[in-house]
There are 2 protein chains.
Amino acid sequence: MENTAIVDGKKFKEIFELANSTKNGVCPVRDIIARISDKWTLLSIYALGGYGTLRFNELKNKIGDVSQRMLTVTLRNLEADGIVKRTIYPEVPPRVEYELTDLGRSLAFQLTLLTDWVTVNGEVIIKHRTLSLNKN
Amino acid sequence: MENTAIVDGKKFKEIFELANSTKNGVCPVRDIIARISDKWTLLSIYALGGYGTLRFNELKNKIGDVSQRMLTVTLRNLEADGIVKRTIYPEVPPRVEYELTDLGRSLAFQLTLLTDWVTVNGEVIIKHRTLSLNKN
DNA sequence: CGGGATCCCAGATGATACTG
DNA sequence: CAGTATCATCTGGGATCCCG
């Protein structure tokens, strides 16, 4: 049944048109997918999905090799999109906690589906890629 | 049940660890997601999913504003990953046709799920983003 | 027709230093 | 602690020209 939906191609044409058009200069589909599939964005969402609530440096230490600047930028974007909630506690030293919103959790769930696909098919792809390289 | 899988966070921790680690210098999860969520890759997959088989310039014209170079690069990558099949007909002038492989169709289906999510939640995100901008 | 090769720029990203 | 600001760098991607 999975293939049925694909073979007829109707849905794909609709999606293609949707992804290939812009409203007010932006294409929601492309724009949003591009943003969420960013390296640090993906890791941030997964980390917050797995650990619930994290402080800035906790998140930074978990991801490991992200620069402070990029984590800040990433989290600001996610906050602006309503995917992450940022809570500032007026203490000294300051404490800032991040967590996924309901929208964020919903997105996170969708991303697990994609990740599952990659888990199943990733090795085949990497292998294919490697073989392809050796031909040249 | 969707939330159950997320609230406990177990699966997310696993996925996070998976996406945050590398084997032989590459992380399949991040690497593959980054590649497929590229603007032109996404549009190419959708177009081939919807129209089946397309010649180079047919595909180029459908997408519209893609440069020749980028479409070539995109298709070469997809071919190397085993997602797109490239067939050259030894004619003059040359004819080259592109189509999704079984792996490609499987991936395309997964991407429709993500696109569906964006279709449902995209406007909310864009609106949230716009409101967020106006605060500054 | 379907590319390959080259040049080049804007924007993304990292490193570093400073601060409320 | 959790950033901001600035500078340096590096890369994606477009423009252009050429070719089998």
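Chain A is the first sequence line, chain B the second, and so forth, proteins listed ahead of strands; every chain is numbered from 1. Values in this document were obtained by computation on a predicted structure and should not be read as measured data.
- Mapping heavy-atom proximity under 4.0 Å, the span of DNA chain D touched by chain B runs 5' to 3' from D:dG13 to D:dG20.
- A heavy atom lying under 4.0 Å from DNA chain C marks the following residues of residues 32-45 of chain A, by number: A:D38, A:W40.
- You'll find the side chain of A:R76 reaches within 4.5 Å of the side chain of A:T72, heavy atoms only.
- Put simply, the side chain of A:L42 reaches to within 4.5 Å of the side chain of A:L111, judged on heavy atoms.
- Remark: A:E17 pairs with no residue by the salt bridge (charged side-chain N to carboxylate O under 4.0 Å, His left out) rule, at least two apart or across chains.
- For the side chain to side chain donor-acceptor pair (under 3.5 Å) test, no residue two or more places apart in sequence or in another chain qualifies with A:E123.
- Listed by chain and number, the residues in a side chain to side chain donor-acceptor pair (under 3.5 Å) with B:T74 amount to none (sequence neighbours excluded).
- The stretch residues 71-94 of chain B comes close to DNA chain D through B:P94, each having a heavy atom under 4.0 Å from the strand.
- Residues A:Y46 and A:T115 are in side-chain contact: their nearest non-hydrogen atoms beyond the backbone lie under 4.5 Å apart.
- Contact between A:I126 and A:T130 at its shortest, heavy atoms only, is O-OG1, 2.7 Å.
- Side-chain contact between A:L43 and B:F16 is present, with heavy atoms from C-beta onward closer than 4.5 Å.
- Counting heavy atoms from C-beta outward, A:L71 and A:S44 have side chains that approach closer than 4.5 Å.
- End-to-end axis angle of the helix from C:dC1-D:dG20 to C:dG20-D:dC1, from C1' rotation axes over five pairs per end: 50° (rounded to 10 degrees).
- Note: CE (A:M70) to P (C:dT13) measures 4 Å, nearest angstrom.
- Using a 4.5 Å cut-off on side-chain heavy atoms (C-beta onward), B:S106 and A:W117 make contact.
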Only distances under 3.5 Å count here; give the side-chain donor-acceptor pairs of residues 52-69 of chain B to other protein atoms, sequence neighbours excluded, each with its distance to 0.1 Å.
from	atom 1	to	atom 2	distance (Å)
B:E58	OE1	B:R55	N	2.8
B:N61	ND2	B:N57	O	3.1
B:S67	OG	B:M70	N	3.2

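- For A:T112, the side-chain contact (heavy atoms from CB on, under 4.5 Å) test picks out A:F109, B:K11, B:F12, B:I15, with sequence neighbours left out.
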Could you pull out every donor-acceptor pair under 3.5 Å between side chains of residues 25-35 of chain B and any protein atom, sequence neighbours left out?
from	atom 1	to	atom 2	distance (Å)
B:R30	NE	B:A19	O	2.8
B:D31	OD1	A:R129	NH1	2.7
B:D31	OD1	A:R129	NH2	3.2
B:R35	NH1	B:D81	OD1	3.2
B:R35	NH1	B:D81	OD2	3.2

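- Counting only heavy atoms from C-beta outward, the side chains of B:N121 and A:L107 never approach each other to under 4.5 Å.
- When the side-chain contact (heavy atoms from CB on, under 4.5 Å) test is applied to A:V84, the partners found at least two apart in sequence or on another chain are A:L48, A:L78, A:Y98, A:L100.
- For the segment residues 60-69 of chain B, residues with any heavy atom less than 4.0 angstrom from an atom of DNA chain C are, sorted by number, B:Q68, B:R69.
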